[in-house]
Q: 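Take this structure first; my questions come after.
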Amino acid sequence: MDAEHDTAGNMGYLRNQFLIAMPGLGDDDHFGQTVTLLCEHNDEGALGLVVNRPTDLKVTDMLAHLGLDASELGDRDSPVFWGGPVQPERGFVVHVECGDWESTMAIDDALFVTTSRDILDAIAAGEGPRQYLVLLGYAGWDAGQLESEILHNAWLNTPVDQQILFRTPTTERWREATRLLGVDSTQLSATAGHA
């Protein structure tokens with residue numbers, strides 16, 4: 001796995017990874033067959049955004065609710081995604097191209113997450129990033145919680161693939177993310193095997 005390692009050689013942080021929900025996760029209501037983009041992971045915990053759970057809300061509807069004219073989007077309307085159960089009123093935009101937004105965090109050299117409204121203004125005006133996802137809410141883990149869940153076979157992780165993130169149909173993202181690991185999703189088991 002492409003995770004960072006600390007000086008002792010222990011598995012470190014999994015930022016810029018997909019977390020792929022395993023069948024045995026035990027929280028199917030929230031995370032069954034989800035793909036989560038891990039945006040931050042450190043000693044204090046982790047923050048991720050579920051990227052394959054579209055809501056019924058469209059980006060143009062959300063922009064109109066904010067008083068923004070979204071006519072420049074034309075037929076490029078897309079759904080707003082459920083990013084996770086924590087703070088569902090909080091918005092995130094995952095995108096390519098850094099831009100000059102007020103509050104942007106680099107996930108890697110070519111992928112960013114912005115939480116400031118100015119990116120929504122730019123998207124509405126047709127001046128935003130070429131590829132983006134708009135999400136409400138996030139998934140959060142306390143210190144050590146994600147590592148424990150991975151050890152208990154709740155998640156697999158793999159480096160992010162922007163093709164899956166921005167071009168793969170939502171209903172295919174989980175299956176395609178498992179393929180990154182060379183795994184056939186129909187062969188995944190709900191129980192862990194330990195040697």
Q: If you define the side chain from C-beta out and look only at heavy atoms, does anything of L19 sit under 4.5 Å from L156?
A: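 No. Closest side-chain heavy atoms not under 4.5 Å.
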Q: For T60 and D77, test the side chains for any donor-to-acceptor distance below 3.5 angstrom and give the result as yes or no.
A: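 Yes, because at least one side-chain N or O of T60 sits under 3.5 Å from a partner of the opposite role on D77.
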Q: Looking only at atom types and distance, does a side-chain atom of T36 sit under 3.5 Å from a main-chain N or O of L38, one as donor and one as acceptor?
A: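 Flag not set: sc T36 to bb L38 has no pair under 3.5 Å.
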Q: Could I get the full list of side-chain hydrogen bond (donor to acceptor under 3.5 Å, both in side chains) partners for Q145, not counting sequence neighbours?
A: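 With neighbours one apart ignored, the set is E149.
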Q: Would you tell me whether H41 and E147 have side-chain atoms, one donor and one acceptor, within less than 3.5 Å of each other?
A: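 Yes.
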Q: Step by step, would you call C39 with L49 a side chain to side chain contact (heavy atoms under 4.5 Å, CB included)?
A: CA-CA 7 Å; C39 301; L49 299 167; 3.7 Å; yes
Q: So which atom in V35 and which in F18 form the shortest heavy-atom distance, rounded to 0.1 Å?
A: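 So the two residues come closest at CG1-CD2, 3.6 Å.
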Q: Can you give the donor-acceptor pairs under 3.5 Å from side chains of residues 65-72 to other protein atoms, not counting sequence neighbours?
A:
from : atom 1 : to  : atom 2 : distance (Å)
D69  : OD1    : S71 : N      : 3.0
D69  : OD1    : S71 : OG     : 3.0
D69  : OD2    : S71 : OG     : 3.2

Q: Please set out all donor-acceptor pairs under 3.5 angstrom arising from side-chain atoms of residues 96-110, sequence neighbours excluded.
A:
from : atom 1 : to   : atom 2 : distance (Å)
E97  : OE1    : R130 : N      : 3.0
E97  : OE2    : R130 : NE     : 2.3
E97  : OE2    : R130 : NH2    : 3.0
W101 : NE1    : C98  : O      : 3.1
S103 : OG     : T115 : OG1    : 3.0
T104 : OG1    : T114 : OG1    : 2.6
D108 : OD1    : A110 : N      : 2.6
D108 : OD1    : L111 : N      : 2.8
D108 : OD2    : N16  : ND2    : 3.2

Q: Ignoring hydrogens and angles, tell me if any N or O in the side chain of R173 forms a donor-acceptor pair with the backbone of V51 under 3.5 Å.
A: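 Yes.
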Q: Mind checking whether L47 and F112 sit in one hydrophobic cluster, side chains of I, L, V, M, F, W, Y counted as touching below 4.5 Å?
A: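 Per the 4.5 Å side-chain linkage, L47 and F112 are not co-clustered.
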Q: Do the non-hydrogen side-chain atoms of H152 and I150 ever get within less than 4.5 Å of each other?
A: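 A side-chain contact is absent here, since even the closest heavy-atom pair is not under 4.5 Å.
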Q: Checking T168 now: which residues fulfil side-chain hydrogen bond (donor to acceptor under 3.5 Å, both in side chains) with it, not counting sequence neighbours?
A: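 By the side-chain hydrogen bond (donor to acceptor under 3.5 Å, both in side chains) rule, T168 matches no residue at all.
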Q: So do the side chains of F81 and L136 get within less than 4.5 Å of each other, counting heavy atoms only?
A: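 No. Closest side-chain heavy atoms not under 4.5 Å.
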Q: Do the non-hydrogen side-chain atoms of P159 and Q17 ever get within less than 4.5 Å of each other?
A: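 P159 reaches Q17 side chain to side chain.
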Q: Check the pair R90, Y138 against side chain to side chain contact (heavy atoms under 4.5 Å, CB included), reporting the backbone distance first and the verdict last.
A: CA-CA 8 Å; R90 186 172 174 191; Y138 67 93; 4.1 Å; yes
Q: Specify the closest pair of heavy atoms between V59 and P79, including all atoms of both residues, with the distance to one decimal.
A: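 Shortest heavy-atom separation between V59 and P79 comes out as CG2-O, 4.0 Å.
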Q: E176: what forms a side-chain hydrogen bond (donor to acceptor under 3.5 Å, both in side chains) with it, not counting sequence neighbours?
A: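 Residues passing side-chain hydrogen bond (donor to acceptor under 3.5 Å, both in side chains) with E176: R179.
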Q: For D121, check side-chain hydrogen bond (donor to acceptor under 3.5 Å, both in side chains) against everything at least two apart and list the hits.
A: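 Scan of D121 (side-chain hydrogen bond (donor to acceptor under 3.5 Å, both in side chains), adjacent residues dropped) gives R117.
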Q: Among L37, L165, T34, find the residue that satisfies the side-chain contact (heavy atoms from CB on, under 4.5 Å) test when tested with N52.
A: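 Exactly one candidate clears the test, T34.
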Q: Given V93, which of L133, I123, L135 fulfils the side-chain contact (heavy atoms from CB on, under 4.5 Å) condition?
A: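 Between V93 and the candidates, side-chain contact (heavy atoms from CB on, under 4.5 Å) is satisfied uniquely by I123.
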Q: Classify the angle between the aromatic ring planes of F31 and W82 as parallel (below 30°), tilted (30 to 60°) or perpendicular (above 60°).
A: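 F31 and W82: tilted rings.
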